[in-house]
Amino acid sequence: MYDVIVVGAGPAGMTAAIYARRASKTVLLLEAVSYGGQIINTPDIENYPVEAHISGFDFSQKLYEQTKALGAEFKFEKVVEIKDENGVKTVITNKGSYEGKAVIIATGSENRKLGVEGEDALRGRGISYCATCDGNFYRNKVVAVVGGGNTALEDALYLADLAEKVYLIHRRDSFRGEETTVSRLKERQNVEFIYNSTVTKLIAEKRLKAIEVTDKISGSVREIELNGLFVAVGRVPENQNFANLVELDEAGYIVAGEDCRTKCAGIFVAGDNRTKTLRQLVTATADGAMAATEAVKYINL
Amino acid sequence: MAIKELNKQQFEEEVLKSDVPVLVDFNAAWCEPCRMMKPILDEIEGENPKFKIVSVNIDEEDELADDYDVTSIPCLVVFKGGEEVNRSVGLISKDEILALAEG
């Protein structure tokens with residue numbers, strides 16, 4: 001039996017492991033893919049205290065080494081369910097099951113999909129969820145960005161420097177993202193705004209070659225030939241497997257305050273999958289510290 | 001044995017004409033998830049798998065990336081008898097890589 005089982009080895013999960021280890025608790029970290037979480041996609045982190053610039057890769061690597069050196073155990077297995085019986089938590093993965101006194105859920109979030117037929121098959125064949133990762137494939141080509149938040153706006157701006165033409169498709173008539181980014185985009189000659197519209201069809205021949213865009217107000221349909229489509233319509237928390245134990249809000253986030261305690265005693269949540277207003281690296285690590293401290297308190301009761 | 005990086009000519013010989021299945025890792029130096037995947041691939045390589053692992057740098061071999069419609073990396077493509085049989089985009093776990101290559 002472990003003292004603390006942490007689900008997800010991103011910045012929140014690994015920080016939780018550090019705090020729990022420093023409180024002399026045994027820790028198992030279960031991670032479905034690879035340590036690091038979504039921060040590994042960030043080429044340059046500029047807003048984390050102390051380091052003015054660090055890549056997401058280096059950040060993850062250092063955090064992993066620190067966590068490992070403190071004696072946390074890592075297993076790369078996907079958690080499918082958590083059970084709570086008489087206070088003992090059983091975490092079931094695709095390979096086995098583990099018992100713990102407390103569990104910290106730090107599974108983060110994943111990219112929201114467009115939900116248009118053929119999207120999965122075309123991922124990596126014209127469809128991308130990361131402009132800074134895949135922008136280089138579209139030098140002097142035609143691309144579209146879908147979305148209206150900061151990520152969509154920043155993606156469009158980034159791509160405007162590389163691509164011949166960028167369409168920005170948004171389902172509303174105004175943007176949720178920052179005003180300054182919107183005005184910088186409007187100055188670009190090669191950016192065309194398409195408002196009140198959604199992508200309703202993907203047209204492909206081995207790779208994506210065109211999209212069908214429907215204007216929600218007029219109902220008119222337009223076909224746009226392009227090489228790449230960047231989807232930036234937000235993220236969804238990965239909490240579905242825990243709905244039996246904890247409370248989820250309408251958007252799927254685990255309901256918990258700053259103390260990271262869920263409605264189930266001994267189960268805590270840390271990071272982007274918790275209900276909160278600011279989802280940043282620094283708030284993820286803060287959650288990790290808080291969740292571990294609360295978990296230790298719970299165990300020592 | 002380290003994972004060999006291939007150019008277009010070597011690709012023909014080492015991948016398309018290979019007797020054993022080949023897992024091709026399309027990557028680039030600036031791709032952070034590719035850097036995360038590298039040690040996982042090295043680990044698999046060290047366990048003498050029944051397939052060959054090779055690497056293609058898409059900045060140096062953009063024609064190869066284009067030939068195989070690779071537009072996101074990391075991208076793993078499995079070849080058997082000169083034909084693509086499986087593919088995955090994005091960082092995946094060791095188990096998923098093994099399932100992809102052996103599946």
Side-chain angles (χ1 to χ4, degrees), chain A residues 9 30-45 54-61 64 74-78 93-95 110-111 120-139 141 143 204-209 226-231, chain B residues 23-47 56-79 83-103:
Chain A
L30 293 166
E31 165 59 48
V33 184
S34 170
Y35 57 82
Q38 61 160 308
I39 197 67
I40 62 150
N41 293 311
T42 305
D44 189 15
I45 301 162
I54 183 168
S55 76
F57 174 84
D58 290 336
F59 183 90
S60 304
Q61 208 64 33
Y64 172 70
F74 283 77
K75 283 186 192 288
F76 295 95
E77 302 178 17
K78 185 168 173 55
T93 72
N94 58 338
K95 288 181 152 179
E110 59 188 350
N111 290 313
D120 285 340
L122 290 168
R123 179 171 177 222
R125 286 184 166 101
I127 291 186
S128 172
Y129 301 85
C130 177
T132 51
C133 308
D134 300 329
N136 272 317
F137 286 99
Y138 299 97
R139 280 184 190 278
K141 296 195 170 158
V143 299
E205 205 173 286
K206 278 184 84 190
R207 56 169 97 169
L208 185 70
K209 54 176 225 178
L226 46 64
N227 306 99
L229 179 67
F230 288 84
V231 179
Chain B
L23 176 74
V24 184
D25 167 32
F26 287 91
N27 63 77
W30 45 262
C31 163
E32 308 270 330
C34 300
R35 295 174 68 193
M36 295 296 297
M37 191 119 86
K38 181 81 171 57
I40 307 177
L41 292 169
D42 285 337
E43 188 182 323
I44 296 174
E45 173 74 13
E47 291 166 1
V56 172
N57 182 313
I58 59 103
D59 285 332
E60 281 154 34
E61 301 297 329
D62 53 336
E63 261 185 58
L64 272 176
D66 200 49
D67 288 349
Y68 291 98
D69 302 309
V70 173
T71 67
S72 290
I73 48 170
C75 179
L76 299 176
V77 184
V78 182
F79 289 84
E83 296 284 328
E84 174 178 340
V85 293
N86 228 337
R87 170 185 294 228
S88 167
V89 176
L91 180 62
I92 57 173
S93 69
K94 184 180 172 184
D95 290 345
E96 287 167 319
I97 296 171
L98 289 172
L100 184 82
E102 291 166 350

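The basis for the numbers below is simple: all heavy atoms, side chains too, and nothing from hydrogens, waters or symmetry mates. Every value quoted in this text rests on a predicted model; they were computed, and no experiment measured them. Residue numbers begin at 1 in each chain, while the letters A, B, ... track the order of the sequences.
- Of the two parts of Leu208(A), neither the backbone nor the side chain holds a non-hydrogen atom closer than 4.5 Å to a non-hydrogen atom of chain B.
- Of the atoms belonging to Phe137(A), it is side-chain heavy atoms, and not backbone ones, that fall under 4.5 Å from chain B.
- Tyr35(A) touches chain B through backbone and side chain together, each having a heavy atom under 4.5 Å away.
- In plain terms, the two heavy atoms of Ala29(B) and Arg35(B) that are nearest each other are O-CD, 3.9 Å.
- For Arg125(A), the parts lying under 4.5 angstrom from a heavy atom of chain B are both the backbone and the side chain.
- Take Asp59(B) and apply the salt bridge (Lys or Arg N to Asp or Glu O under 4.0 Å) test, not counting sequence neighbours, and it matches no residue.
- Comparing Leu91(B), Asp62(B), Ile92(B) by how many heavy-atom pairs each has under 4.5 Å with chain A, the most go to Leu91(B).
- For CD of Glu205(A), the number of neighbouring non-hydrogen atoms (other residues, nucleotides, ligands) closer than 6.0 Å is 12 at most.
- When the side-chain contact (heavy atoms from CB on, under 4.5 Å) test is applied to Gln38(A), the partners found at least two apart in sequence or on another chain are Ser109(A), Arg235(A), Asp272(A).
- Distance check, rounded to the nearest 0.5 Å: CZ of Phe230(A) to SG of Cys130(A) gives 8.5 Å.
- Salt bridge status for Asp95(B) with Lys78(A): absent, with no side-chain N to carboxylate O gap under 4.0 Å.
- Ranked by non-hydrogen atom pairs under 4.5 Å with chain B, the options Asp134(A), Asn41(A), Thr132(A) are led by Asp134(A).
- Using a 4.5 Å cut-off between heavy atoms, Asn136(A) contacts chain B through its side chain alone, with no backbone atom that close.
- Listed options Phe76(A), Tyr129(A), Tyr138(A) were ranked by heavy-atom pairs under 4.5 angstrom with chain B; first place goes to Tyr138(A).
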